Amino acid sequence: MRGFGLRFLAALALVVLVVGVTPTTGGRATTTRVHPRAPITLTYWWWAESDVPGANKWMSQTIALFEKAHPNIKIKLDIQATDSLISNFQAAAAAHKGPDLATQWATIPVLSQAWAGAIAPLSAYVPKSEIAHWVGTSENTYAGKTWGMPLYLIGIPVVYNKTLFRKAGLNPNNPPRTWAQFLSVCARLKARGILPFALGNKDASGGAWFWSTFGKGSLNSADDIKRAVVGQTHFTDAQFTRWLTGLQTMIKSGYVSNDVASVDLSNGFAPFARGKAGMTFGTDAYIVGYARTMGEKTIGVFRAPPIGSGKLGSWYDATQSSTEMITSWSRHKHEAAMFLMFMHTPERLKALYDQTSAFPADSRFNLSAIKDPLQRQLLKWDLTLPNIWSENFVPTQLDTNGVRIAGQTVTSGGTAATAAQLWERTARQWRASNPSDLKRFKAWIGSGGASL
């Protein structure tokens with residue numbers, strides 16, 4: 001979740017000889033001319049539609065334009081499902097065969113594959129001058145190398161219905177700023193027969209979002225997460241259990257949907273979209289969609305009030321979300337890098353925004369294209385506030401079987417204490433079975449990389 005101006009590569013589609021990039025022994029990329037060669041096919045395992053509706057259509061158009069400019073290069077698009085995005089690539093990495101290009105979620109899902117030797121450093125194939133325009137590369141930087149390309153920014157504030165706030169006797173222009181105020185708003189909405197907060201957690205995403213938004217308020221830095229991962233502190237400590245207790249309070253008080261445990265995150269938004277819930281989570285693109293369908297005067301946004309008094313409570317909840325990678329086994333890394341750069345040309349950035357309302361993660365994006373006050377507010381939060389998405393700093397196994405299962409435990413009626421113990425147990429199992437990654441995590445502490 002984290003952009004912007006206009007130029008570079010605009011003439012890429014017009015050249016007869018292909019501009020490629022050659023890695024140097026110093027780890028930097030240099031541009032060279034690559035003569036046309038025999039036809040090749042790049043396989044791309046792509047994911048984005050769940051984040052930004054319209055992304056698949058944009059990608060198909062981008063491929064068609066690239067192939068028209070480069071007739072000898074074909075791109076086979078394989079759209080990945082959300083629930084198998086990580087596991088599919090893990091299987092490919094284990095076999096050391098599969099796509100040339102792939103999407104994974106930012107930070108740990110990317111860096112873990114770098115550590116495993118499954119992906120190539122983009123900084124070896126893409127010029128430094130190009131990478132300098134990408135917003136959010138710190139999320140996927142390790143050992144001085146950039147391992148993934150950001151494409152769009154995802155901010156996740158709380159979106160609320162001003163009409164329902166008025167109905168509950170609340171000031172629609174003064175949303176809650178503290179956790180206590182938030183609970184008070186929930187109580188007022190419920191008293192008027194309004195569902196306070198629409199949420200779904202069947203797919204375990206709702207709980208993970210709750211931690212990364214409200215729950216980060218108990219943390220002082222990303223290093224707090226890393227220390228718990230390596231066992232220097234514990235996930236049963238108060239800084240990691242407050243969000244579980246807060247979620248449990250929401251469940252027991254009837255402040256979230258009754259079917260929270262049986263609907264996934266995206267379907268959990270439905271009551272809000274129908275005008276039946278006072279609040280919910282929303283990505284930038286979804287919020288813009290709500291404003292269009294429900295009326296701009298109906299929609300308001302606020303930053304999730306922190307649970308706790310940690311320094312991260314003043315940070316925003318944003319990330320690049322998905323990250324584009326080149327696999328280490330690809331025989332066509334130069335061409336793969338060319339396509340990644342093509343995705344960041346001014347025309348494709350503008351098309352991405354026009355078709356999805358997602359903010360491109362590139363400093364060359366023309367800010368003047370955004371006229372709507374709500375969108376400008378969202379983009380301001382994305383770009384001007386320190387940002388972190390806590391879930392990005394947890395190993396995949398510990399995220400899937402720890403963070404997410406802990407949230408599901410609570411939304412299914414379990415206690416915060418039980419959920420925290422499960423989370424801690426999963427962390428011990430991860431440390432025991434991943435000694436190499438454990439060593440890298442320990443080295444990562446104190447190195448930064450928490451924000452844009």
Side-chain angles (χ1 to χ4, degrees), residues 156-202 205-218 238-239 241-263 265 267-282 286-287 290 294 297-310 313-314 316-317 406-420:
I156 301 186
V158 176
V159 57
Y160 69 102
N161 186 317
K162 292 184 176 182
T163 300
L164 296 184
F165 265 47
R166 291 189 187 93
K167 183 177 178 180
L170 297 164
N171 184 343
N173 299 313
N174 186 28
R177 289 175 172 77
T178 68
W179 177 244
Q181 291 173 354
F182 178 78
L183 292 178
S184 178
V185 166
C186 288
R188 293 280 292 274
L189 289 166
K190 183 183 178 184
R192 292 303 302 269
I194 301 167
L195 174 64
F197 199 91
L199 184 68
N201 198 35
K202 180 181 179 180
S205 296
W209 282 29
F210 195 88
W211 177 49
S212 290
T213 53
F214 295 99
K216 74 180 187 306
S218 290
Q239 65 181 157
T241 61
R242 291 191 186 98
W243 75 274
L244 291 166
T245 301
L247 182 57
Q248 185 175 343
T249 297
M250 295 285 287
I251 299 295
K252 288 188 173 182
S253 301
Y255 294 160
V256 300
S257 318
N258 291 331
D259 58 357
V260 60
S262 59
V263 297
L265 180 66
N267 288 326
F269 299 149
F272 183 85
R274 295 196 303 266
K276 302 297 183 181
M279 300 175 287
T280 193
F281 290 125
Y286 270 93
I287 291 169
Y290 292 142
M294 301 171 68
K297 293 183 178 180
T298 301
I299 297 300
V301 291
F302 62 92
R303 294 156 56 188
I307 300 176
S309 57
S314 63
Y316 187 46
D317 315 302
Q408 281 188 321
T409 298
V410 173
T411 55
S412 297
T415 66
T418 298

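Predicted model only: the values in this text are computed from it and were never measured. Values below: every heavy atom of this structure, side chains too, minus hydrogens, waters and symmetry copies.
Two residues are said to be in side-chain contact when any heavy atoms from C-beta on lie closer than 4.5 Å; F214 and P306 fail this criterion. The closest side-chain heavy-atom distance from F281 to F272 is not below 4.5 Å. No side-chain heavy atom of F197 sits less than 4.5 Å from a side-chain heavy atom of V185. Counting only heavy atoms from C-beta outward, the side chains of M279 and C186 approach each other to under 4.5 Å.
Listed by first and then second residue, the side chain to side chain donor-acceptor pair (under 3.5 Å) pairs involving residues 186-202 are N201-T411 (not counting sequence neighbours).
By the ring-ring contact (aromatic ring centres under 6.0 Å, His included) test, Y316 is found to be paired with W381, residues two or more places apart in sequence or in another chain being considered. Partners of A420 by side chain to side chain contact (heavy atoms under 4.5 Å, CB included), not counting sequence neighbours, listed by chain and number: T236, T241, L244. S218 is linked by a side-chain hydrogen bond (donor to acceptor under 3.5 Å, both in side chains) to R242, counting only residues two or more places apart in sequence or in another chain. For T415, the side chain to side chain contact (heavy atoms under 4.5 Å, CB included) partners two or more places apart in sequence, or in a different chain, are Q248, A417, T418. Listed by chain and residue number, A261 satisfy the side chain to side chain contact (heavy atoms under 4.5 Å, CB included) test with S412 (two or more places apart in sequence, or in another chain). A search for ring-ring contact (aromatic ring centres under 6.0 Å, His included) contacts involving Y255 returns nothing, not counting sequence neighbours.
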Scan the side chains in residues 170-181 for donor-acceptor partners under 3.5 Å anywhere in the protein, sequence neighbours excluded, and list what turns up.
residue : atom : partner : partner atom : Å
N171    : OD1  : N173    : N            : 2.9
N174    : OD1  : R177    : NH1          : 2.9
R177    : NH1  : P175    : O            : 3.2
T178    : OG1  : Q181    : N            : 3.1
Q181    : OE1  : R177    : N            : 2.8
Q181    : OE1  : T178    : N            : 3.3

